[in-house]
Every structure is written in C-alpha cells, then in structure tokens.
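Contents: one structure, followed by commentary.
Remember, it's 1-based here, ligands and their atoms both numbered in the order they're listed.
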Amino acid sequence: MKIIPGPASEQLAGKIAELSGLKTVPLSCRTYPDGEFYVRLEAAVEGEEVAIVQTTSPPQDTRILQLALIADAARRNHAKRITAVVPYLAYARQDKMFLHGEAISIEAVARMLKAAGVDSLLTVNVHQEEVLRRFPFPARMVSAIPLLSEYFKRKGFEKVFTLAPDDGAQWLVEEAKTILGGESGYLEKKRDLQTGQLTMKEKQLNVCEKTVIIFDDVISTGGTIALAARAMFDHGANAVYVACVHPLLVGGAEKRIFETGVREIVGTDSVASHVSRVSLAPLLSKEIGKGV
Ligand code: R5P
C-alpha cells in the first residue's frame, strides 16, 4: 500500500506514512487563476493499493473536490484499490431530511466519491455511524475518544465527571469513562431547525465542586459547548475542560467557549488547529493496515 497525502492533510499523512512504514506518492497540485484545482501524481500507482489522506474541514467543498480529483487520478493511473482516509467527514451531520425539500448531503457526497473511483472509506467519529452503512462502498469509522481520554489521564485527571452536551454524544462519554473512570451524564439539547437557535433542557446533574470534561464529536461555532459549560458552572462545577474530535472552531468559537470559564479545549489533528494536541496518526496508521 502507498499513502497519497492530500493537500488538506499533508502533515498528518506524513506522520501516518512514517508510523506505518509506507511510501508516499507525492502530488503536484496547483490552483489556476480562475480557482480550478489541478493535480498530478508524481509516482506510479499501477497495481497498488492506495490510501488518500484528505480531511474535509472548511473549505469543505474545495477539499471534497480535491479528494475526488485525486481519486480519479489514481483510478486512471491504474491503482488497484483506492481508500479515502477522511479524518473529518464534512456533511455527515446532514444525514437525513430534517425538513421537507432538503438534500441528504452526505449521501450525495458519498455517491460523488464513488463515481470518482473511491472503493472504500475510513473516517473518524462521524455524528451518526449508521450513515456509513448507506454509502455505496464499504465505509467505517474509528473513534478518537480513547486518545483524547488518554491525554487527560496523562495530565492526572481521573474519576472526573464526563459530560455529553446532548444525548447523541452519550456513547462518547461512555467510551471516555472506561479510561477516566468517574461519573457521567448528558444534557438534552434542542436546535430550532429554522433558526439554528440552541436551548438546553434544565437538568440536575451531580457536578458540585467537581471537575467536568465535556466530550463532543465536533465544535463548530462553539454554541453547544458554551451552553453546556455554563450549565455545569451553574450547577457548581469547580472546573470545566473540553475535548472534541474535530475542532472546526468557526466564527469566534474559542472566545465563546473560554468566556464561560472553560480552562482548556483539546482536539485532534483531524482539523489542524492550535488546539490539536492529540494526533490521529497512531490510530489511523494502525487502522489503514487492517483495510476497510
Ligand atoms: C451536533 O449535535 C454535534 O455533535 C455538535 O454538538 C455540533 O455540531 C456543534 O456545533 P456548534 O459548535 O456550532 O454548537
């Protein structure tokens, strides 16, 4: 197998190749003055299995198209099998029609990748794992929650209160609890489908004088985490920390979260940012070897 480092994940792909002892296929990429993307493989892939490592955090549409064009190049140059390794899978949250007239965006993206030549996909913590079963090729996800939990364990956090900011994130804290111990709970979040306005249902959780770590898959605007952190302080928490797999951190998210009194935000390098203190490379290098 060879690794093709997509332009959105060059560093991560380099680390994965190093840890797994796999060769990389360098790309020649450029963007034309009118904005179109150009790509060329600079090494042979004929008869090879290849793993294209390309995250699809903002600018999502550009990065998805880049992934599709790289897959097309690999297919045309006779790669035997093409796996898309997509640490952050954009559009995964639009996995059904919430309102009449909508698209199911993630299914459209998956069909597009299939048409471009992708044979299978490996990703990390998608919002609802079931969505992957509707893909037109084998697709699976791995979880980065153990890596994030180990990060806190190394810092001496044990028997803390782990919190899911909504019921969809409950299994994340169950997973974290197996490493960190302690108690856990979840909040009930409601998002107005028209305005996007968030509200949290009032809930009694036993966090008084405790350290709380909030786990979530994605931080986008930070609205969810800010509301959850405020609820924890209102209930007497001593300190609140935040762990997320995909730190998109758009539109002043960090400021919004830190203003509540949160002490630290930790994310992975699925989306490279200054909070990406946990690398997915060890996990993905192991998983790539297993196939999809
Ligand atoms: C959805 O429920 C996800 O798990 C996240 O909680 C959500 O996408 C975070 O978005 P934001 O940071 O904008 O509240």
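Under a hydrophobic-cluster definition in which Ile, Leu, Val, Met, Phe, Trp and Tyr are linked whenever side-chain heavy atoms come within less than 4.5 Å, directly or via other members, Phe215 and Val242 are assigned to different clusters.
No side-chain donor from either of Thr211 and Asn238 sits under 3.5 Å from a side-chain acceptor of the other. Side-chain atoms of Thr83 and Glu49 form no donor-acceptor pair, as typed in the model, at a separation below 3.5 Å.
The protein heavy atom nearest to atom 8 (O) of ligand 1 is Arg93 NH1, 2.7 Å. Nearest protein heavy-atom contact of atom 13 (O) of ligand 1 is Thr221 OG1, 2.6 Å. In this structure, atom 1 (C) of ligand 1 lies nearest to the protein heavy atom His127 CE1, 3.4 Å. At the shortest separation from atom 9 (C) of ligand 1 among protein heavy atoms lies Val218 O, 3.5 Å. From the protein, the heavy atom lying nearest to atom 3 (C) of ligand 1 is Asp217 OD1, 3.4 Å.
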For residues 59-67, run the donor-acceptor check on the side chains, cut-off 3.5 Å, and write out each pair with its distance to 0.1 Å, sequence neighbours left out.
from  : atom 1 : to    : atom 2 : distance (Å)
Asp61 : OD1    : Tyr91 : OH     : 2.5
Arg63 : NH1    : Ser57 : O      : 3.4
Arg63 : NH1    : Ser57 : OG     : 2.9
Arg63 : NH1    : Pro58 : O      : 3.4
Gln66 : OE1    : Gln54 : NE2    : 2.9

Solution key, residues 222-230 side-chain donor-acceptor pairs under 3.5 Å, sequence neighbours excluded:
from   : atom 1 : to     : atom 2 : distance (Å)
Thr224 : OG1    : Lys189 : NZ     : 3.1

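Distances shorter than 4.0 angstrom occur between a heavy atom of Gly222 and an atom of ligand 1.
Seen from the ring of Phe161, Lys177 does not count as a face-on cation partner, given the 6.0 Å and 45° thresholds.
Centroid-to-centroid, the aromatic rings of Phe157 and Tyr151 stay 6.0 Å apart or farther.
Shown in contact with Arg191 at under 4.0 Å from a heavy atom are these atoms of ligand 1, numbered in order with element: 10 (O), 14 (O).
In Asp166, the part holding a heavy atom less than 4.0 Å from any atom of ligand 1 is the side chain. With a 4.0 Å heavy-atom cut-off, ligand 1 is reached by the side chain of Asp216 but not by its N, CA, C or O. At a heavy-atom cutoff of 4.0 Å, ligand 1 is contacted by both the backbone and the side chain of Thr224.
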